[in-house]
**Q** 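Please read through the structure below; I'll follow up with questions.
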Amino acid sequence: MKSRRSNRATPMIVLLLACITAHCGSSAEDDSCQTASDCINSAAAQRAGRCAPEVACVAGACHAECLGTCERTSETYNPCGVDAICNQPAQSKPGAIQNFVCTKRRIACTVASDCPIYLPGEGQWSCEAGICTFPGYTSLYD
């Protein structure tokens with residue numbers, strides 16, 4: 001009896017070969033980056049899921065994590081844990097939407113009161129070149 005190959009298997013073989021040639025599913029390829037904008041649709045962001053992850057390019061590789069929202073911050077309490085800070089400003093703007101998130105990024109500002117309530121040490125926040133700065137504090141992602 002003569003053996004016949006199924007015609008349905010042929011498209012799958014072609015797809016598999018095309019995927020191998022294009023490095024499909026290779027996290028090293030999908031997660032390589034030069035800037036944070038390269039990471040928005042990266043494999044790292046996809047693995048983080050539907051949480052609207054914070055993405056960053058660190059040492060040429062995309063990183064993404066779900067840091068969550070925050071509230072009830074004070075000068076001495078940071079609800080975000082180590083390496084992240086709540087972006088709740090010291091002075092809320094009237095009529096502004098009040099959705100505050102934990103972040104490991106630099107926080108943009110126009111004036112010092114745009115900077116977080118939480119003080120990560122001794123000193124005060126200042127707004128320098130549009131970025132919140134604090135003596136001795138460095139954001140994890142630039």
Side-chain angles (χ1 to χ4, degrees), residues 3-142:
S3 153
R4 292 190 302 175
R5 183 184 291 179
S6 168
N7 287 339
R8 289 191 290 179
T10 304
M12 292 301 288
I13 292 169
V14 171
L15 179 61
L16 178 62
L17 290 173
C19 197
I20 290 169
T21 304
H23 304 288
C24 291
S26 168
S27 61
E29 286 289 319
D30 295 340
D31 286 341
S32 63
C33 59
Q34 292 182 356
T35 66
S37 63
D38 297 335
C39 300
I40 293 170
N41 293 314
S42 68
Q46 297 302 315
R47 285 189 301 272
R50 298 172 49 183
C51 69
E54 181 166 271
V55 295
C57 181
V58 180
C62 292
H63 291 264
E65 56 188 311
C66 303
L67 297 173
T69 59
C70 54
E71 60 182 279
R72 294 189 177 90
T73 303
S74 71
E75 288 183 358
T76 58
Y77 174 69
N78 178 27
C80 300
V82 180
D83 294 331
I85 193 166
C86 184
N87 70 352
Q88 182 178 359
Q91 185 172 8
S92 298
K93 295 181 177 158
I97 296 173
Q98 306 295 306
N99 291 327
F100 308 119
V101 296
C102 296
T103 184
K104 292 184 179 181
R105 299 187 158 289
R106 296 182 292 175
I107 298 172
C109 60
T110 305
V111 295
S113 62
D114 294 338
C115 298
I117 291 173
Y118 175 69
L119 304 175
E122 294 293 322
Q124 295 294 317
W125 287 99
S126 62
C127 183
E128 297 177 19
I131 299 296
C132 293
T133 59
F134 193 92
Y137 177 78
T138 305
S139 59
L140 193 60
Y141 302 150
D142 287 329

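Numbers for residues simply follow the sequence, beginning at 1.
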**Q** Any side-chain to backbone donor/acceptor pair from N87 onto V101? Under 3.5 Å, distance only.
**A**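 It does hold such a pair.
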
**Q** To the nearest 0.5 Å, tell me how far E128 CD sits from C109 SG.
**A**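 The CD atom of E128 sits 8.5 Å away from the SG atom of C109.
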
**Q** Going by heavy atoms in the side chains, are C57 and D38 under 4.5 Å from each other?
**A** no

**Q** Measure the spacing between OH of Y137 and CD1 of I85 and express it to the nearest 0.5 Å.
**A** 4.5 Å

**Q** Looking only at heavy atoms, which two atoms of F100 and P89 are closest? And how far apart?
**A** CE2-CD, 3.3 Å

**Q** Give yes when the SG atoms of C70 and C86 are nearer than 2.5 Å, otherwise give no.
**A**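 Bridged: C70 to C86.
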
**Q** So how far is it from C62 SG to Q34 CD, rounded to the nearest 0.5 Å?
**A** 10.5 Å

**Q** D83 side chain to K104 main-chain N or O, any donor-acceptor pair under 3.5 Å?
**A** no

**Q** For the residue pair A36 and V55, what are the closest heavy atoms and their distance?
**A** O-CG2, 4.1 Å

**Q** Is C102 disulfide-linked to C80, taking SG-SG under 2.5 Å as the test?
**A** yes

**Q** Find out whether T133 and S126 are in side-chain contact, i.e. whether some heavy atom of one side chain is under 4.5 Å from a heavy atom of the other.
**A**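 Yes - at least one pair of side-chain heavy atoms lies under 4.5 Å apart.
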
**Q** Do Y118 and P79 come close enough that some side-chain heavy atom pair is under 4.5 Å?
**A**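 No, too far: nothing below the 4.5 Å cut-off.
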
**Q** Quick one: does W125's side chain have a donor or acceptor within less than 3.5 Å of a partner on D114's backbone?
**A**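 Judged by distance alone, no pair lies under 3.5 Å.
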
**Q** Rounded to the nearest 0.5 Å, how far apart are CG of D31 and NE2 of H63?
**A** 8.5 Å

**Q** Can you name the closest pair of heavy atoms from C39 and A56 and give their distance?
**A**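 Closest approach of C39 to A56, heavy atoms only: SG-O, 3.6 Å.
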
**Q** Could you grab the distance from atom SG of C33 to atom CD1 of I40, nearest 0.5 Å is fine?
**A** 11.5 Å

**Q** Step by step, work out the disulfide bond (SG atoms under 2.5 Å apart) result for C115 and C132.
**A** CA-CA 6 Å; C115 298; C132 293; 2.2 Å; yes

